[in-house]
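In what follows, every chain begins at residue 1, and chains take the letters A, B, ... in the order their sequences are listed. Fair warning: this is a prediction, and the values are worked out from it, not measured in the lab. Note: hydrogens, waters and symmetry copies are ignored here, and every other heavy atom, side chains too, is used.
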Amino acid sequence: MSDDHNHLPELPGDDALDAHTGHGGELVPEEPIANPGLPEHEWRPTDVDPNAEKRAERQVAGLFALSAVCAVLFVVSYFAFQINGGGGGQTVDTVFGLGASNVALGASLGFALLFIGIGLIQWARKLMSDHEIVEMRHPARSSDEDRAETLRVLDLGVEESGITRRPLIRNSLLGAVGILLAPAVVMLKDLGKTNAQIEANPPYPGAGLEHTVWDTGMRVVRDVVGTPIRPGDLEIGDLLNAEPEIVFEVGDDGKPVLEGVSLQVAKSKGAVVLVRMDPDDNKPGPGRENWAVDGILCYSKICTHVGCPISLNERKTHHLLCPCHQSTFDLADAAKVVFGPAARPLPQLPLMVNDEGYLVAQSDFKEPVGPSYWERDSQQSTSK
Amino acid sequence: MSIDTSKVATTNSTAAIASKPNRAGALAEWADDRLGLATLAKKNLRKVFPDHWSFMLGEIALWSFVVLLLSGVFLSLWFTPSMGETTYEGTYAQLRGIQMSEAYASALRLSFDVRGGLLMRQIHHWAAMLFVGSMMIHLLRVFFTGAHRKPRELNWAIGALLLLLGTLEGFTGYSLPDDLLSGTGIRAADGFLKSQPVIGTYMSFLLFGGEFPGDQIIPRLFIIHVLLIPGLLLALITAHMLLLVYHKHTQWPGPGRTEQNVVGFPMLPVYAAKAGGFFFIVFGTTALMGGLLSINPVWKFGPYDPSKVTAGSQPDWYMGWPDGALRIMPNIETHIWHHTISWNVLLPIIVLPSAMFGLLLMLPFIEAWITGDKRDHHLLQRPRNAPTRTAFMVSLITMYGLFWAAGGNDIIAIRLHLSINQITYFMRAAVFIGPAIAFFITKRWCISLQRKDNEDVLHGYETGIIMRSPEGGYSERHLPLSEERAYKLTARDRDPDVLGELEGGPDANGVEPHGGLAARLAGVRHRLRKLMYADNVQKPTVHELDEGHHHAEHEHELQAPMEGHAADGHQFDGHHLVEGEKLRADD
């Protein structure tokens, strides 16, 4: 075997490393123990005992037969077990509290496949020849002749193309191909409108990162049911999940005002929590003294970390804990971050009471809701 | 052995010759006339593969990918990749009348109205878990045994890419049903995109087709999940396998194995049967899991609603470690010149995983730079014989594991009744200190094991027989290792003598450094080489082995009167049987 390996440069104190462990294949004085060569072949019982061989054959065939049985069981289970209990009045078949169809199909398919696999492997292990075979390796690299030949034909081809002699052609080609990137990239522009485009032409209420659907006089309503809230409905320590009224509003034509994308976007920015605390506990942020109503405050439900809705209320401490990454906000201190990876307090919605006595917003949020982004100018935030 | 084996066949075939005039032969001729495959086939049909259980880990990844393809095609026949709003009136009573996306409704339909639908959903998800998990374990096996060295560095890089793509594939996949849990993950992903400086909002708006959540993300993730990434995966897996076949598989050193050969069994029939059988085993196991183990019960989560979330929300396990980094990161954000840089999101979610992945990709090249080893390597190394490399990967695993645990800090707090604040603070320190401790312990452990191996080679193995000398001293009887075992323990390279190298010596290409940067790099390389090699224990020299043998012979002389009796220590190495023998020498 030709020695195609590159040698290590002669580092001081180095024993010609190449001479060890058979890199050259020969036994050398540094090698304490010589390679004893392939061990003697050990016969398996199935090689020498015809009964063992027949037994193994029957085993393997038996496994394949079992697999076939399981496959048939699969087909039977498919038709035998009911899966949906609705409409036609059938009940869902169950076994030990599990869905019978799923269990039966899974077990029968699983075993049908497993038995084939086990059978194949048993066949290989017990009956196929297990004499170890030696195959010589080849170096990963090509031969020197092939390399030289490749270089030669490469040179020939490049020379005949004339690309090295004609820089004008080469450069103009590179330029033309390079500039093809522009059509490719620009075709992706309409993947989505940018924030600026959306804010310029709002396709639905509250469009754009800096706005939500909240507006002056919009009632704060309970989530899911959509009923408006009076201050007397809340006790000290209560926390309510709430939405802007428009989320549940139905137009004169009987269709919801917001649906599809507009509804989802509205909820993703407009969801709020209402919390009631003792007015003395509350330390309003600068300029926010009249944002609360009798100790009832309203904060954005959307975490300022990466946008999960926050829902875990610690009653006694009036801390709000986000379940995603455990950012904790002190609702009595303008939702300041007291723990966790969120860097900004929750935006606060200024509240007031309308003439029907319901809680309504004074205006939209005074800062963008949700996670931070590059263009966010929080110097205008009133919370710091 | 007294069994007559002279009549036993050495192969299982009476040789079949190609000119058999039967149907199969005629078909093969027809094909070869047009495709000329015989040239390729003749070399590869009996290709030799070495045998070791750890070589099957990559196979698990390969076959679970095939299972994913098969189950995925099935699911795609019913799944509707649309975020169009619909009101559910299907068979799952608890969700009737609820507004949801078409995607979620189709996932419910698959689970409740299609026979075998839930089974296929669960097979698909379990196979995805197996896919990513087995890729990771396969990566560890390859790294610990040194199979990433030349000429297989590129295959390693392909493998690292496969791992990355597999993770993304899993993420896009479990987000497709648009349920509350995975939707929360998408929401977080939107937050990650937005945190990036300059391009953040553009990326978010382009991907979601406008403002979050929009109505484009599910159809787009669908195409990424069923077309783009699988295409890339297939191409890379093909390249990965082709390189494996071309380089031939690595093998453990042992009797008859050298760097120039590969010893094992042929592709046809043995490995065709074993690998083919293993496919059925992986598929069968996944089917059993799909039938018996519940996973991703999306009907319990409900449809995605951006104003709702559940406590204890976690991504799938392979996304756990970046999530952990995100949770323990201190809340640093900078406001500068009317703009915001969210370090608290950027660093753990964008920078850290990119750096880790980049490091992973470059590991073989970094190692080659440090060691300067330009030889081809086809024999594997035992992890203990590369202590620094092993310790390095163990410390990476430790860091990964700690971040991963941090990703479950809320679950840990609930189950173990601990303070989540304290867990978080602990983890902030642990992800730095833990890996350092792990590195130190692992390296010393490997070196200890090297010493033990040397002891075994020089002085033989401990038999457990205690001898008492006439003077009254006790000693333990050692017997020499078998030649095979002794060879296996010494079939490894000697490390270069780094302590004898000069600090400013030649670099990996033998070039003397000049200039500031080159000299600094040479210094770094020298220190890394010392870290790599200086503490390692080398195998015995011929001289040491001879001394050891003389010493053993001397001992054997002293104990010669005991030979042949029971309890001479040879009852464990098959020299003689012990039935009917009494253990005490004076009976």
Side-chain angles (χ1 to χ4, degrees), chain A residues 1 5-6 9 11-14 20-23 32-33 36-39 47-48 84 86 102 105-107 109-110 113-114 116-117 120-121 124 128-129 132-136 140 191-195 260-261 264-265 267-268 271 306-309 323 325 341 343 371-374 376-378, chain B residues 3 11-12 48 85 91 112 118-119 151 187-188 191 194 197 200-201 205-206 209-211 213 215 255-256 258-263 269-270 273-274 277 280-281 283-284 287-288 290-291 306-307 309 311 327 329 331 333 335 338 340 342 344 374-375 483 486-487 490 496-497 500 510 542 545:
Chain A
M1 197 76 195
H5 314 295
N6 296 326
L11 297 167
D14 199 339
H20 296 250
T21 58
H23 269 279
I33 296 173
L38 276 182
D47 291 326
V48 295
N84 60 53
N102 196 52
L105 291 177
L109 179 65
L113 294 162
L114 268 175
I116 295 185
L120 277 170
I121 293 181
M128 292 186 185
S129 168
E132 286 194 315
I133 298 183
V134 178
E135 195 182 351
M136 298 312 283
L191 272 177
K193 291 192 157 54
T194 61
N195 187 41
V261 172
Q264 298 295 325
V265 173
K267 284 208 259 190
S268 77
V306 284
C308 292
H325 311 107
S372 299
Y373 51 94
W374 170 248
R376 193 183 196 284
D377 186 0
S378 25
Chain B
I3 300 173
T11 72
N12 273 339
V48 172
E85 214 176 65
T91 48
F112 296 114
L118 180 62
L119 177 66
R187 174 44 140 160
K194 288 192 161 99
T201 41
F205 276 65
L206 282 176
E211 257 186 295
D215 61 356
T258 67
E259 283 282 1
Q260 278 74 38
N261 69 12
V262 56
V263 177
V270 178
K274 281 190 172 179
F280 284 98
I281 290 191
F283 198 173
L288 275 181
S307 63
V309 74
R327 289 178 190 216
M329 178 73 194
N331 59 349
E333 197 175 82
H335 315 122
H338 302 287
T340 306
S342 304
N344 56 341
K374 288 190 163 35
R375 300 167 294 175
E483 195 184 7
Y487 175 69
T490 56
D497 176 19
V542 177
L545 195 66

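Results of the side chain to side chain contact (heavy atoms under 4.5 Å, CB included) test with A/E135 over B/V263, B/V48, B/N261 single out B/V48 as the only residue that passes. For the side chain to side chain contact (heavy atoms under 4.5 Å, CB included) criterion with B/F280, the lone passing option out of A/L114, A/L113, A/I121 is A/L113.
Interface check for chain A: of the options B/N344, B/L545, B/L206, B/D215, the most heavy-atom pairs under 4.5 Å are formed by B/L206. Ranked by heavy-atom pairs under 4.5 Å with chain A, the list B/P151, B/G200, B/S342 is led by B/S342. Top candidate by heavy-atom pairs under 4.5 Å with chain B, chosen from A/T194, A/L120, A/L105, A/N102, is A/N102. Residue with the most contacts toward chain A among B/A486, B/G284, B/G191: B/G284 (heavy-atom pairs, distance under 4.5 Å). Taking A/P371, A/S372, A/A271 one by one and counting their heavy-atom pairs under 4.5 Å with chain B, the maximum is reached by A/S372.
Only the backbone of B/F112 comes within contact range of chain A, with at least one heavy atom under 4.5 Å from a heavy atom of that chain. Heavy-atom distances place both the backbone and the side chain of B/L119 under 4.5 Å from chain A.
Residues B/R187 and A/S268 have side chains in contact (heavy-atom distance under 4.5 Å, counting atoms from C-beta outward). Residues B/P255 and A/L38 form no side-chain contact, since every pair of their non-hydrogen atoms from C-beta on lies 4.5 Å or further apart.
Other residues, nucleotides and ligands contribute more than 12 heavy atoms inside 6.0 Å of the NZ atom of B/K274.
In plain terms, the two heavy atoms of A/Y373 and B/T340 that are nearest each other are O-CB, 3.5 Å. Among all heavy-atom pairs drawn from A/P323 and B/V309, the shortest one is CG-CG1, 3.5 Å.
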